[in-house]
Protein chains: 2
Amino acid sequence: MSTETSKPLRADAARNRRSLLDAAVAAFREHGVTASLDDVAKAAGVGPGTLYRHFPSRDHLILAVIDDGLAGLAALGATLFEDPDPVQALQNWLAAFIDEGSAFSGLAGTLVATPPAVQSNACRQSRVTGRALVQRAIDAGRLRDDVDAGDVIDTAGAIAWIGEHPDRDPAQRERLLRILIEGIRRH
Amino acid sequence: MSTETSKPLRADAARNRRSLLDAAVAAFREHGVTASLDDVAKAAGVGPGTLYRHFPSRDHLILAVIDDGLAGLAALGATLFEDPDPVQALQNWLAAFIDEGSAFSGLAGTLVATPPAVQSNACRQSRVTGRALVQRAIDAGRLRDDVDAGDVIDTAGAIAWIGEHPDRDPAQRERLLRILIEGIRRH
DNA sequence: ACCTGAACACCGTTCAAGT
DNA sequence: ACCTGAACACCGTTCAAGT
């Protein structure tokens with residue numbers, strides 16, 4: 001289901017790639033995105049060199065693991081474009097974005113930083129969708145017209161980041177999202 | 001100028017503590033708060049064990065390094081309490097808080113997480129000051145009365161966090177702070 | 001073309017020995 | 001009471017050798 005297009009892999013290489021992704025999901029779930037890459041390789045039954053061949057950096061691996069999630073985010077954005085209320089549509093999308101950024105501990109940082117050289121297609125598409133939803137709400141006169149779309153997405157990522165910290169009220173996410181929406185709305 | 005009260009140190013221990021703090025400032029400035037503690041110890045001319053004796057964890061060291069800054073934040077808060085405009089006062093304090101959280105790369109995370117067991121006096125005092133400034137603005141009817149002071153401080157920390165990432169517009173900080181203030185203000 | 005795994009450089013942390 | 005520094009367990013990354 002990955003949107004990444006690339007030359008087909010040899011059968012064993014494809015199998016290893018899948019094992020690595022599966023092992024990474026399990027490791028990230030348990031230890032966050034800073035999980036030991038050595039352990040990931042071990043759990044996948046491959047040498048560390050194989051991991052590095054497939055994913056040259058930790059960020060590459062992280063982005064690959066959440067590739068489906070990011071593609072889903074882009075698809076959701078397309079649907080929300082039909083929503084008659086552009087502010088509600090944006091809010092729904094941002095909530096989904098925050099959820100995606102909360103999938104693993106430490107993920108928000110990768111999502112906000114995303115070195116351009118590492119960005120996957122799905123990553124780019126999801127960002128484009130987010131920007132478009134912001135722009136639509138501005139064009140409809142519902143947001144201040146000096147609002148920057150990148151600021152909105154960064155702030156949503158930051159909300160996910162805050163949620164990563166221990167001892168946070170689970171309801172905080174909703175309150176922070178409300179502050180963000182109220183902060184960009186035209187009153 | 002530290003507000004931390006503790007039993008006086010032996011002369012050589014006090015000297016080592018100072019050297020460690022000085023070395024840590026230099027290392028944090030250059031490499032962020034994830035700088036090698038081994039290098040810090042080396043630069044301070046002590047063994048790694050001495051560093052651990054003075055600062056049992058990286059967070060302890062970080063908090064100690066910014067202790068003066070946090071004390072200054074508390075002092076600023078006391079002054080701002082005299083400001084006739086409670087929203088402007090809060091905004092000024094948050095801007096200073098964000099600045100403090102931007103002193104070193106990676107510092108925002110420590111400031112937002114601050115494990116209670118590690119929190120210094122200055123750290124606690126600065127948070128109390130921030131909360132009080134929020135409460136004053138609520139009591140004056142200038143903020144929504146369901147605004148949570150912790151949310152406001154967390155969001156300010158998150159703004160500092162966003163600013164840590166590469167390729168960010170330096171003017172973004174002001175825009176994000178505006179979103180925060182507009183997001184909590186009563187309209 | 002891809003994989004393996006030893007090897008390297010590094011790091012945080014502990015603790016026995018010293019003063 | 002405090003410091004030293006060797007030792008330990010661990011990590012990311014590379015690369016020569018293999019298939």
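What you see below is based on every heavy atom in this structure, not just the backbone, and it leaves out hydrogens, waters and symmetry mates. Treat the numbers as computed from the prediction; the structure is a model and nothing was measured.
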Strictly distance-based, threshold 3.5 Å: is any side-chain N or O of A:E164 a donor or acceptor partner for the main-chain N or O of A:A108?
yes

Which atom pair, heavy atoms only, marks the closest approach of A:R175 to B:D151?
NE-OD2, 2.5 Å

Below the 4.0 Å mark, does D:dC3 have OP1 or OP2 next to a side-chain nitrogen or oxygen of B:N16?
yes

Just the rounded figure in Å: distance from C1' of C:dA9 to CG of A:D38.
14 Å

Here the distance between atom P of D:dT4 and atom CZ of B:R15, to the nearest Å, is 11 Å

Consider only side-chain N and O atoms of B:Q125 and B:N121, and report whether a donor and an acceptor are under 3.5 Å apart.
no

Heavy-atom side-chain proximity of A:E182 to B:R144 below 4.5 angstrom:
yes

Please give, in whole Å, the distance from D:dC10 C1' to A:K42 NZ?
10 Å

By ring pair (Phe, Tyr, Trp, His ring centres under 6.0 Å), A:Y52 pairs with (sequence neighbours left out) none

DNA chain D contacts among residues 44-57 of chain A, heavy-atom distance under 4.0 Å
A:P48, A:G49, A:Y52

Looking at B:D99 and B:R173, is there a salt bridge between them, counting it only when a charged N and a carboxylate O are closer than 4.0 Å?
yes

Please state how far atom CG in B:L37 lies from atom P in C:dG12, giving the value in whole angstrom units.
4 Å

Please check if the number of heavy atoms outside A:E30 that lie under 6.0 Å from its CD is greater than 12.
no

Atom pair distance, as rounded to whole Å: CZ in B:R17 and P in D:dA1
19 Å

Ranges pairing with ranges for DNA chain D, where each run has three or more Watson-Crick or G-U pairs under 3.5 Å:
C:4-8 with D:12-16, C:12-16 with D:4-8

Between A:R178 and B:D146, is the closest basic N to carboxylate O distance under 4.0 Å?
yes

